[in-house]
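Notes to accompany the following structure.
Not measured: the values here are computed from a predicted model. One-based numbering, in listed order, for ligands and for the atoms of each.
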Amino acid sequence: MRTQNFLFKYQYRHLTYSPSKKKLSPEEAADGYEQRLKHLVANNTLKTSPTTGFAKFDLMLVGMGPEGHVASLFCWHFQRFEKTKWVTFITDSPKPPPPRITFTLPLINSADHIAMVVTGEDAADAVKVALGKHAADYYPLPVQKVSPEENLTWFLDKEAASEL
Ligand SMILES: O=C1O[C@H](COP(=O)(O)O)[C@@H](O)[C@H](O)[C@H]1O
């Protein structure tokens with residue numbers, strides 16, 4: 001409960017990007033969220049990675065979709081290759097909602113620790129691609145580009161791990 005309270009308060013007070021009542025485009029919302037994060041770095045609320053210069057989170061919880069996407073970064077979107085932006089957007093997610101804003105891989109990978117939490121049989125093939133012995137033989141899925149500065153820990157249920 002204390003953890004939940006902490007996360008809730010922290011997210012609410014610092015990380016939630018609450019633009020004005022004006023309806024923003026996904027691009028405007030992503031830019032606004034990036035500016036918000038940069039402001040939090042500038043006032044020392046968020047740390048920076050000395051390696052990358054991006055904001056550094058202690059821990060991120062990340063999930064994976066059945067085709068290996070993470071954080072709305074799908075295999076077929078150029079956004080998965082973003083190098084400089086902190087926050088990006090898509091307008092055509094195959095799962096609702098179609099418009100999404102999301103952290104980019106350089107920002108995600110500047111975290112110290114990432115917990116990759118994957119459940120369900122429909123994720124088993126992508127888990128096998130990412131963690132199986134032939135992982136290096138494939139063009140990498142977005143999930144395979146997740147590489148935090150300290151530890152990446154996978155949490156799989158029995159179904160998600162069934163192809164390993
Ligand atoms: O399909 C799914 O993908 C997400 C990860 O994608 P996100 O773009 O929503 O972060 C995963 O967390 C979810 O459990 C799964 O159903």
*If you round to the nearest 0.5 Å, how far is CZ of Phe57 from CZ of Phe103?*
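The distance works out to 4.0 Å.
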
Heavy atom of the protein closest to [atom] (residue, atom name, distance):
atom	result
atom 14 (O) of ligand 1	Met64 O, 4.7 Å
atom 9 (O) of ligand 1	Arg100 NH1, 3.4 Å
atom 8 (O) of ligand 1	Ser72 N, 2.7 Å
atom 15 (C) of ligand 1	Lys95 NZ, 3.8 Å
atom 6 (O) of ligand 1	His69 NE2, 2.8 Å

*Does the protein put a heavy atom less than 4.0 Å from atom 12 (O) of ligand 1?*
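Protein heavy atom within 4.0 Å of atom 12 (O) of ligand 1: present.
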
*Where Thr91 and Pro26 come nearest, the two heavy atoms and their spacing*: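 Smallest heavy-atom distance, with atoms named: CG2-CG, 4.0 Å.
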
*Inspect the contact between Lys47 and Asp58 and indicate whether a charged nitrogen and a carboxylate oxygen are less than 4.0 angstrom apart.*
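A salt bridge links Asp58 with Lys47.
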
*Has the side chain of Glu28 got a donor or acceptor atom that lies under 3.5 Å from a matching backbone atom of Ala30?*
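No; zero donor-acceptor contacts below 3.5 Å.
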
_Asn43 side chain to Thr45 side chain, donor-acceptor N/O pair below 3.5 angstrom_ =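 Looking only at side-chain atoms, Thr45 and Asn43 do form a donor-acceptor pair, the distance falling under 3.5 Å.
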
*So Phe74 and His69, would you call those rings parallel, tilted or perpendicular, with 30° and 60° as cut-offs?*
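Answer is parallel, since the angle falls under 30°.
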
*Would you kindly specify which portion of Ala71 sits under 4.0 Å from ligand 1, judged on non-hydrogen atoms: side chain, backbone, both or neither?*
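Within the 4.0 Å criterion, Ala71 contacts ligand 1 through backbone atoms alone.
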
_Looking at ligand 1, is there an atom of it that comes within less than 4.0 Å of some heavy atom belonging to Pro66?_
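It does; at least one heavy atom falls under 4.0 Å.
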
